[in-house]
Amino acid sequence: MTVEAMGRPSPFRGLMMDDVPLTINWVMRRAATIFADRPVVTRTPDGGRHRYTYRALAERAGRLAGGLAALGVGPGDRVATLAMNHYQHLEMYFAVPGMGAVLHTVNPRLHPDDLVHIMREAGDRVVVVDQRLWPVWEKIRERLPALAAVVVEDGTGPVPAGSLGYEAVLARGEPVPLADGVADDRQAAAMCYTSGTTGRPKGVVYSHRSLVLHALAEAAVDSIGLSERDTVLPVVPMFHVMAWGLPYGAALHGAGLVLPGHDLTPVGLLTLLEETRTTLTAGVPTIWLGILAELDAHPGRYDVSRLHTMLVGGAAVPPSVLAGLRDRHGLTVLHAWGMTETTPLGSVAHVPAGVDPRPGPEGDAYRLSQGRPAALVEIRARGAGGLVPWDGSTPGELEVRGPWVAAHYYGGDDDGKFTDDGWFRTGDVVTIDARGYLVIRDRAKDLVKSGGEWISSVALENALMGHPSVAEAAVIAVAHPRWQERPLAVLVGRGSDRPSDLELARFLAPQFPDWWLPDGYRWVDAIPRTATGKFLKTALREQFHDALEDRGRDRRGE
Ligand code: ADP
């Protein structure tokens, strides 16, 4: 209870030092003054480079805000983007929240019905579309007649009829100084929908305060350790969880930014990493699988010696990727866990004090875990009988809370994901050890429930990806006449050798109980990906749902 609530005036009233709104405008102002000459490099659609500085970024963001205001955008209005990683998208990142409006980054790879649903629900007024992504907009624009479209030109032709050019919008209004436009830091700055791999996309709203605190946290040495001496290349798309907050983190701490545009191929990325002397890059594991394969195929071709951290999250990093990048190419993987609902910085996997940090099984167990919660993030896990002990072995569903963890979904449907005492239920099944290290055993939806007991698909996938002939592995639950569900492994090969089912089972056997071993192995050319590059297990489950229907034999010993 406060002193005032007890009926007495507080002698400290008005004296406290915390009454300063933490807004995106502060981030912009700091970047534009203290780090004015730090670079922002973009690969342009024609394969060239666009370069400018944080000073120029702030100046153009101010003009863009003026142009958007001239289009009728006002405080609280939602402005959507259908765009990849480039400087114009970065300008939107600052201009839209900076003028008190709300930036709604939209994932262009979603199904058209989902796009219409989320843009309607969000109530977007304007959409800013990459010219190359115009066909995505074309498909849905008739169903969203109230939206004005602005096109980020790529020089391949005139802006499509019915839209305005981005540069024309920028030239149109009086520049708005993005200094003090937002008074309340609890006001919405941005929103992003979950990618819907486990249900309908749900809207997550980021406040100014949450984004600024998140950007601050990214500089902690035991989180990502962002600094002015870094050059950061976010491979993770700017339409997905604010590119993990890295654009704001880089600007706040003065790191240079490299934005790869539309070319996310291993060759394209490695070329850009080398040329820009990038020190820190970030993306989902499938990106690094491709990069590792390219580096292995051409040893010595790329000089990425400046790269000190490859931040990997969004799905578990396979041990073979961590070891391959480190042992064959001298590259350091930093594993982190997060979600759209956690902005996303949730936990980061550094080796703790007292443990030998050199490569080896002890340190690697920590590096491959999902790590410890970032400062200000709290965790707990709940099993059937309540909260589970932090013993490193009892599984439970992870719950989190913190200043950049969602409190509700936009649109009112919380889908049972928030507890009465204000924690977010992640749907991830974890164990937590005595030091607070998390290990994700599975996603609640991905668990293989065999005869009432669960099998970790993640553990099997990681082991399979350690086989020299396996490039990628996804383990899914498929219906089984006796055990309800059994694991099936879907594999993409490396090289031409395709080991038999028996060989694979023998390879896995020393690491798992017998009844965990997959009942079948299927080789495919490619594993379908989600819109953000993760394995799309729902599609695999559909494709292989009756793969074991006629199975007489099984692995449960009968
Ligand atoms: P989606 O839910 O559509 O995949 P998100 O990006 O929000 O979109 O995904 C969050 C989920 O991704 C987490 O709940 C977790 O299951 C998974 N995830 C994220 N980071 C990791 C990680 N380091 N290891 C394992 N799983 C992860």
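Counting starts at 1 for both ligands and their atoms, in listed order.
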[atom]: which of [options] has the nearest heavy atom?
{"atom": "atom 10 (C) of ligand 1", "options": "Gly314, Gly338, Cys192, Pro201", "result": "Gly338"}
{"atom": "atom 7 (O) of ligand 1", "options": "Val284, Leu536, Val236, Thr340", "result": "Thr340"}
{"atom": "atom 26 (N) of ligand 1", "options": "Ala315, Ala336, Ser369", "result": "Ala315"}

Min heavy-atom dist Asp428 to ligand 1 below 4.0 Å: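 Yes, Asp428 has heavy atoms under 4.0 Å from ligand 1.
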Test item, Gly427 contacting ligand 1 (heavy atom, 4.0 angstrom):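 No, Gly427 has no heavy atom closer than 4.0 Å to ligand 1.
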Proximal atoms of ligand 1 relative to His240 (non-hydrogen, under 4.0 Å):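 In order of numbering, the contacting atoms are 6 (O).
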Numbering as shown, the atoms of ligand 1 that approach His335 to under 4.0 Å (heavy-atom distance): 22 (C), 23 (N), 24 (N)
Ala316 N/O under 3.5 Å from ligand 1 N/O: yes
Polar contact flag for Gln370 and ligand 1 (N/O pairs, less than 3.5 Å): yes
Check: Thr431/Arg441 side-chain N/O donor and acceptor closer than 3.5 Å: yes
Between Asp428 and Trp337: side-chain donor-acceptor atoms closer than 3.5 Å: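 Yes, Trp337 and Asp428 have a side-chain donor paired with an acceptor closer than 3.5 Å.
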Pair His89 + Phe239: ring centers closer than 6.0 Å: no
Partner of Gln88 under side-chain contact (heavy atoms from CB on, under 4.5 Å), chosen from Met84, Met92, His86: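 So the option named by the test is His86.
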Pair His262-Asn85, side chain to side chain donor-acceptor pair (under 3.5 Å): steps then yes or no: CA-CA 7 Å; His262 290 255; Asn85 295 10; over 6 Å; no
Pair listing, ring pair (Phe, Tyr, Trp, His ring centres under 6.0 Å) test, anchored in residues 394-415, at least two apart: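 Matches after skipping sequence neighbours: His214-Trp404, His408-Phe418, Tyr409-Phe418.
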Proximity to ligand 1 by part of Met339, non-hydrogen separation under 4.0 Å: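 It is both parts that get close, each with some atom under 4.0 Å.
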Inter- and intrachain pairs under salt bridge (charged side-chain N to carboxylate O under 4.0 Å, His left out), touching residues 203-222, at least two apart: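 Qualifying pairs: none.
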